[in-house]
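Just so we're on the same page: letters track the sequence lines, and every chain starts at 1. These figures come from a predicted structure and were not determined experimentally. Just so it is clear, the values below take in all heavy atoms, side chains as well, and ignore hydrogens, waters and symmetry mates.
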There are 2 protein chains.
Amino acid sequence: MQAKPLIQHFETYLPFEVEEKQLIHERISFRKVKRREHLLRTVEICRHYTFVVKGVLRMYGIDGNGKEHNILFASENEWLSDISSFHATQPGESNIQALEPTEVIQIEQQDLYYLYINIPKLDRIFKVITEEKYVELQNRVFQSISSTAQERYLYFLSKYPSLGSRLPNTQIASYLGITPEFLSMIRKELVAKK
Amino acid sequence: MQAKPLIQHFETYLPFEVEEKQLIHERISFRKVKRREHLLRTVEICRHYTFVVKGVLRMYGIDGNGKEHNILFASENEWLSDISSFHATQPGESNIQALEPTEVIQIEQQDLYYLYINIPKLDRIFKVITEEKYVELQNRVFQSISSTAQERYLYFLSKYPSLGSRLPNTQIASYLGITPEFLSMIRKELVAKK
DNA sequence: ATTGACCCATAAACTAGTTTAAGAAATCAG
DNA sequence: CTGATTTCTTAAACTAGTTTATGGGTCAAT
């Protein structure tokens, strides 16, 4: 049953009844995404909350000079969505792309709202999930205003050890807000220190 | 009645019954905070969700060299808390301080949990509030990896026009992740351009 | 009125990070 | 297996932002 990873994820927060699981099962869809395939592009409306079962997605924005900047990565058991575009049903500025062959579970807006109404504990679960994500982002903001690029890189590695080896350094540099050349220098220095 | 600004705030999301308002009223407390007074310091447990009725608070972290960095400001009708410290009942690393004489409404952990249980729509309201805050932070992360200090300053001014004039530039520089000297230069350039 | 704390500005020397360019290494489609 | 594309590294010249120091203005407290 393809909803299983999602149900397991929800049950790390609160237990669910069989009927509730069935309701969820009816309202989600499963999708495979190829490496480099996009789930969302700038100016499109974000129609889904996306849960990563396997693989890695990146969300990125494009600046005034056309350069891409990685806002975040989502790997196994993480949610990803352009939240403001999703709720407002308005075009957003985010892009979502697979960096590996990826499998996701998606919920559309009307289905998510239906589930919120019929399974109120989902309000609580998504409140908690969003709070957790908020704390992560807040730590990242603090880092970005208080730390050097090397410190930020080490923090990234400690926080997402698997991504450090799964992702090309260009993607990591984009996430850290530095050039791949400078990341290369940082890595060289770190190896030298050891 | 001192709970009024808070109830008004909640009712911008969903309507409330009289009994619900009463329940909220019984579980909150009102407090005045002097300019420069702290509501929270590093290593303390964050015991409250704090709602700003009047004034401005800043939340800041301290880096390895003892320097302060502003993570965010909270002014009228905004919530502020060290979320992870609050929920985990564990010492955190955030500091909260008033930058003006400030009036706040506070909810303690047990009272907030009581309200979540007895007024389920508060789960939904705080889910939405946290999502809104999340989107703000995400925009800020994007800015920090994609924009120059001048662009970040102009964005800050456009987003929080009142804070631009209410706060000393040192506080704004700390929020932008630059030195006050450099902000001074940016401001000079902007005036010259006009 | 006067002190002291705080805030802002200016300028010179410095450092962290970018840009450009060019070559080596790894990865991938056919 | 091979050519093509992407990725990583190195280095030199450059730019954005910091540091240090100095001086002036404002405002609350004595």
Side-chain angles (χ1 to χ4, degrees), chain A residues 34-38 55-56 58 60 63-70 73 97-102 143-157 163-194, chain B residues 34-38 56 58 60 63-70 73 97-101 143-157 163-194:
Chain A
K34 287 186 195 141
R35 186 170 127 89
R36 273 165 224 234
E37 186 181 345
H38 277 80
V56 193
R58 68 172 178 136
Y60 65 94
D63 69 20
N65 304 317
K67 282 195 187 152
E68 300 179 357
H69 301 270
N70 287 343
F73 302 117
Q97 185 191 34
L99 294 176
E100 296 178 355
T102 300
Q143 283 249 327
S144 79
I145 60 177
S146 70
S147 306
T148 63
Q150 185 180 95
E151 289 165 336
R152 266 144 48 210
Y153 177 58
L154 289 173
Y155 181 77
F156 170 79
L157 288 183
L163 292 186
S165 47
R166 273 164 88 177
L167 300 179
N169 287 338
T170 47
Q171 294 297 335
I172 296 173
S174 170
Y175 174 93
L176 296 174
I178 60 177
T179 58
E181 290 83 359
F182 191 50
L183 177 54
S184 195
M185 238 187 71
I186 289 172
R187 285 159 55 87
K188 191 181 151 195
E189 275 173 27
L190 288 174
V191 170
K193 270 184 197 163
K194 254 188 235 171
Chain B
K34 287 186 196 143
R35 188 170 125 90
R36 276 164 223 233
E37 187 181 345
H38 277 80
V56 193
R58 69 173 178 136
Y60 66 94
D63 69 20
N65 303 316
K67 283 198 189 148
E68 302 179 356
H69 300 271
N70 286 343
F73 301 117
Q97 185 190 33
L99 295 176
E100 296 178 356
Q143 283 250 326
S144 80
I145 60 177
S146 70
S147 305
T148 62
Q150 184 181 97
E151 289 165 335
R152 267 144 48 212
Y153 177 58
L154 289 173
Y155 181 77
F156 170 79
L157 287 184
L163 293 185
S165 47
R166 274 164 87 176
L167 301 179
N169 287 339
T170 47
Q171 295 297 336
I172 296 173
S174 170
Y175 174 93
L176 295 174
I178 59 176
T179 59
E181 290 82 356
F182 192 51
L183 177 54
S184 193
M185 238 188 70
I186 289 172
R187 285 159 54 88
K188 194 179 150 197
E189 274 173 28
L190 288 175
V191 170
K193 269 185 197 164
K194 256 188 233 172

Dump every N/O contact between nucleotides 24-28 of chain D and the protein below 3.5 Å, one line per pair.
none

Query - salt bridge (charged side-chain N to carboxylate O under 4.0 Å, His left out) against B:Arg187, all qualifying residues, sequence neighbours excluded - result: none
Query - Listed once per pair and sorted, the salt bridge (Lys or Arg N to Asp or Glu O under 4.0 Å) pairs that draw on residues 175-185 of chain B, sequence neighbours left out - result: none
Report summary line: Sequence neighbours excluded, the answer for side-chain contact (heavy atoms from CB on, under 4.5 Å) partners of A:Lys67 is A:Asp63, A:His69
Query - With sequence neighbours excluded, residues passing salt bridge (charged side-chain N to carboxylate O under 4.0 Å, His left out) with A:Glu151 - result: none
Report task. Could you pull out all residues at least two apart from A:Phe182 that satisfy ring pair (Phe, Tyr, Trp, His ring centres under 6.0 Å)? Result -> none
Query raised in the report: Can you list the residues that meet the side chain to side chain donor-acceptor pair (under 3.5 Å) rule with A:Gln143, with sequence neighbours excluded?
Result: none
**Report entry** Set of residues satisfying ring pair (Phe, Tyr, Trp, His ring centres under 6.0 Å) with respect to A:Tyr153, sequence neighbours excluded
**Finding:** none
Between the protein and nucleotides 7-16 of chain C, list the N/O to N/O atom pairs that are separated by less than 3.5 angstrom.
residue : atom : partner  : partner atom : Å
C:dC8   : OP1  : B:Asn169 : N            : 3.1
C:dC8   : OP2  : B:Asn169 : N            : 2.9
C:dC8   : OP2  : B:Thr170 : N            : 3.2
C:dA9   : OP2  : B:Ser184 : OG           : 3.0
C:dA9   : O5'  : B:Ser184 : OG           : 3.4

Query raised in the report: How is A:Lys34 classified with respect to the nucleic acid when contacts are heavy atoms under 4.0 Å: base, sugar-phosphate, or nothing?
Result: nothing
Query raised in the report: Of all residues at least two apart in sequence or in a different chain, which pass the side-chain contact (heavy atoms from CB on, under 4.5 Å) check with B:Pro168?
Result: B:Thr170, B:Gln171
Report task. Give DNA chain C the dot-bracket treatment, 5' to 3': Watson-Crick (N1-N3 with N6-O4 or O6-N4) or G-U (N1-O2, O6-N3) under 3.5 Å, [ ] crossing, | other strand. Result -> ||||||||||||||||||||||||||||||
Query raised in the report: Within 45° of the ring axis of B:Tyr60 and under 6.0 Å from its six-membered ring centre, is that where the NZ or CZ of B:Arg58 lies?
Result: yes
Requested in this report: List for me each residue that meets salt bridge (charged side-chain N to carboxylate O under 4.0 Å, His left out) alongside B:Arg166, sequence neighbours excluded, and say none if there are none.
Outcome: B:Glu76, B:Glu100
